Amino acid sequence: AAARILNSGVRLPPLPTIRELVKLYKLQAMKQLSQNFLMDERLTDKIVKSAGRIDPRDIVLEVGPGPGGITRSILRRQPQRLMLVEKDERFTGTLQLLKECARPLDLQMDIYYEDILRFNIEQHVPDTEQRIHLIGNLPFAISTRLLINWYADVAARRGAFRRNDTCMTLTFQKEVAERICADLGSEQRSRLSIMSQIWTEPVLKFIIPGKAFVPKPQVDVGVVKLIPLKQPKTELPFALVERVVRHIFSMRQKYCRRGYSTLFPPEMREETTNKLFEQADVVDTLRPFELSVAECLRLAEVYAEHLESHPEVATYDYRGPKQPPKCLD
Ligand code: SAM
């Protein structure tokens with residue numbers, strides 16, 4: 001059968017469209033898995049193009065391939081290995097079909113039916129000889145949690161980030177994408193902006209209108225490329241920085257000292273907060289969203305120094321007994 005020449009990269013043998021496959025395999029989107037499928041080949045190609053150059057020796061890990069729209073666009077770029085991590089086994093038929101189709105392309109395609117939040121990439125990619133690209137039209141429900149997990153990996157240089165050239169090209173709800181990339185002074189500046197910009201350089205590539213997805217989500221979607229910084233802005237442990245930034249932003253409309261002060265028990269709160277803001281040379285009456293990344297990091301550094309003489313403060317929780325972790329927003 002005649003092969004179709006597609007936008008970029010190699011030809012794939014003729015395949016039913018994603019829309020036809022979804023119908024054929026009766027793949028009704030499941031809300032609890034945040035399933036919104038992209039059917040438009042130009043858009044899936046554009047997402048993969050945003051990832052930049054994919055060399056023939058590279059590995060691409062796609063999160064949540066679903067029926068395989070983005071997967072096809074990745075296959076056409078012919079990495080050496082394509083790893084798919086999908087939680088929903090109903091996609092076995094469509095993904096297996098793609099695997100058959102990719103056979104002549106001389107690449108390795110591995111499908112893992114697992115939760116990406118538990119996926120241990122070091123187990124499947126034991127060495128660091130190949131560059132890894134992380135690509136995915138992420139399920140909204142876990143996108144920020146996954147991103148924060150990956151920042152922790154960047155900070156610790158583990159998992160997909162043992163090499164310093166692993167890039168992420170991911171989709172988020174438009175507002176979340178804007179928050180990730182928001183500069184100082186922007187209305188969207190938030191905790192997620194600071195956390196993102198400490199370890200990566202995020203770039204908002206383009207917006208996909210909600211109507212391009214089936215089913216249509218309530219919001220538009222932003223495609224963000226995140227490039228881990230070769231020189232991270234801090235060597236402090238991830239958990240400590242995360243804790244300090246979370247406290248600073250816990251009272252968004254108040255002076256930044258208010259949230260920060262809740263890191264300390266009441267008997268030392270005022271005095272320690274005053275002392276540490278002075279040491280960090282940060283104006284304590286700025287609002288959290290008026291702080292630069294460098295100022296947040298200085299506040300984290302003086303906090304880390306303070307812990308050396310007051311280690312008991314590290315586990316202090318002003319809300320009392322431990323609360324379940326909250327999603328970043
Ligand atoms: N890539 C497809 C596309 O663009 O049309 C589907 C994207 S859909 C927004 C998200 C996909 O992630 C779904 O296929 C869903 O089953 C999968 N998914 C949801 N939660 C997951 C998890 N924890 N681990 C791996 N995949 C997950």
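Numbers here simply count residues along the sequence, with the first being 1. Start at 1 and go down the list; that is how both ligands and their atoms are numbered. Predicted model, so just to flag it, every value in this text is computed and none were measured.
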Chemist: Measuring from atom 4 (O) of ligand 1, which candidate in Leu117, Asn137, Ile18, Val221 has the nearest non-hydrogen atom?
Modeler: Asn137
Chemist: Rounded to the nearest 0.5 Å, how far apart are CD1 of Ile180 and CD of Glu175?
Modeler: 12.0 Å
Chemist: Assess Ile142 for proximity to ligand 1: is some non-hydrogen atom of it under 4.0 Å away?
Modeler: yes
Chemist: How far is atom 24 (N) of ligand 1 from the closest protein heavy atom, and which atom is that?
Modeler: Ile116 N, 2.9 Å
Chemist: Roughly how far, to the nearest 0.5 Å, is the CG atom of Leu75 from the CG atom of Leu107?
Modeler: 6.0 Å
Chemist: First locate atom CZ of Phe206, then atom CD1 of Ile47, and finally report the distance between them rounded to the nearest 0.5 Å.
Modeler: 5.0 Å
Chemist: Nearest protein heavy atom to atom 5 (O) of ligand 1, by residue and atom, and its distance?
Modeler: Leu38 N, 2.8 Å
Chemist: Looking only at protein heavy atoms, identify the closest one to atom 20 (N) of ligand 1 and say how far it is in Å.
Modeler: Pro139 CG, 3.5 Å
Chemist: Please test Cys167 against Arg131 for side chain to side chain contact (heavy atoms under 4.5 Å, CB included), starting from the C-alpha separation and ending with a verdict.
Modeler: CA-CA 9 Å; Cys167 285; Arg131 181 174 184 206; 3.6 Å; yes
Chemist: When rounded to the nearest 0.5 angstrom, what is the spacing between CG in Leu38 and OG1 in Thr171?
Modeler: 8.0 Å
Chemist: Just do the side chain to side chain contact (heavy atoms under 4.5 Å, CB included) check on Leu138 and Phe172 with the steps written out, would you?
Modeler: CA-CA 7 Å; Leu138 296 186; Phe172 298 90; 4.1 Å; yes
Chemist: For atom 1 (N) of ligand 1, what is the closest protein heavy atom, and at what distance to 0.1 Å?
Modeler: Gly64 O, 2.8 Å
Chemist: Supply the atom-to-atom distance Cys101 SG to Gln96 CD, rounded to the nearest 0.5 angstrom.
Modeler: 12.0 Å
Chemist: Which of the atoms in ligand 1, numbered in the order shown and given with their element, are less than 4.0 Å from a heavy-atom of Glu114?
Modeler: 24 (N), 25 (C)
Chemist: As an exercise, identify every atom of ligand 1 less than 4.0 angstrom from a heavy atom of Phe37.
Modeler: 5 (O), 6 (C)
Chemist: So which atom in Tyr303 and which in Tyr260 form the shortest heavy-atom distance, rounded to 0.1 Å?
Modeler: CB-OH, 3.6 Å
Chemist: Under 4.0 Å from a heavy atom of Glu62: give me the atoms of ligand 1 that qualify, with their elements.
Modeler: 1 (N)
Chemist: What atoms of ligand 1 come closer than 4.0 angstrom to any heavy atom of Gly66?
Modeler: 14 (O)
Chemist: One residue to check: Ile70. Relative to ligand 1, which of side chain, backbone, both or neither has a non-hydrogen atom less than 4.0 Å away?
Modeler: side chain
Chemist: Using a strict cut-off of 4.0 Å, indicate which atoms of ligand 1 neighbour a heavy atom of Asp88.
Modeler: 16 (O)
Chemist: Please work out whether the ring planes of Phe264 and His306 are parallel, tilted or perpendicular, with thresholds of 30° and 60°.
Modeler: perpendicular
Chemist: Considering residues, nucleotides and ligands other than Glu114, do more than 12 of their heavy atoms fall under 6.0 Å from its CD?
Modeler: yes
Chemist: Which of the numbered atoms in ligand 1 are below 4.0 angstrom from a heavy atom of Val85?
Modeler: 25 (C), 26 (N)
Chemist: What's the spacing between Leu82 CG and Ile54 CD1 if we round to 0.5 Å?
Modeler: 9.5 Å
Chemist: Starting from atom 14 (O) of ligand 1, which protein heavy atom do you reach first, and at what distance in Å?
Modeler: Glu86 OE1, 2.7 Å
Chemist: Of the protein's non-hydrogen atoms, which lies at the shortest distance from atom 23 (N) of ligand 1, and what is that distance?
Modeler: Asp115 OD1, 2.8 Å
Chemist: Out of all atoms in ligand 1, which are within 4.0 Å of some heavy atom of Phe91? Include the element for each.
Modeler: 14 (O)
Chemist: Is Lys254 atom NZ crowded by more than 12 heavy atoms from other residues, nucleotides or ligands, each under 6.0 Å away?
Modeler: no
Chemist: For ligand 1, which part of Met30 has a heavy atom less than 4.0 Å away: the side chain, the backbone, both, or neither?
Modeler: neither
Chemist: Heavy-atom distances under 4.0 Å decide this one: backbone, side chain, both or neither, for Pro65 against ligand 1?
Modeler: backbone
Chemist: For atom 21 (C) of ligand 1, which candidate among Arg90, Arg118, Lys87 provides the closest heavy atom?
Modeler: Lys87
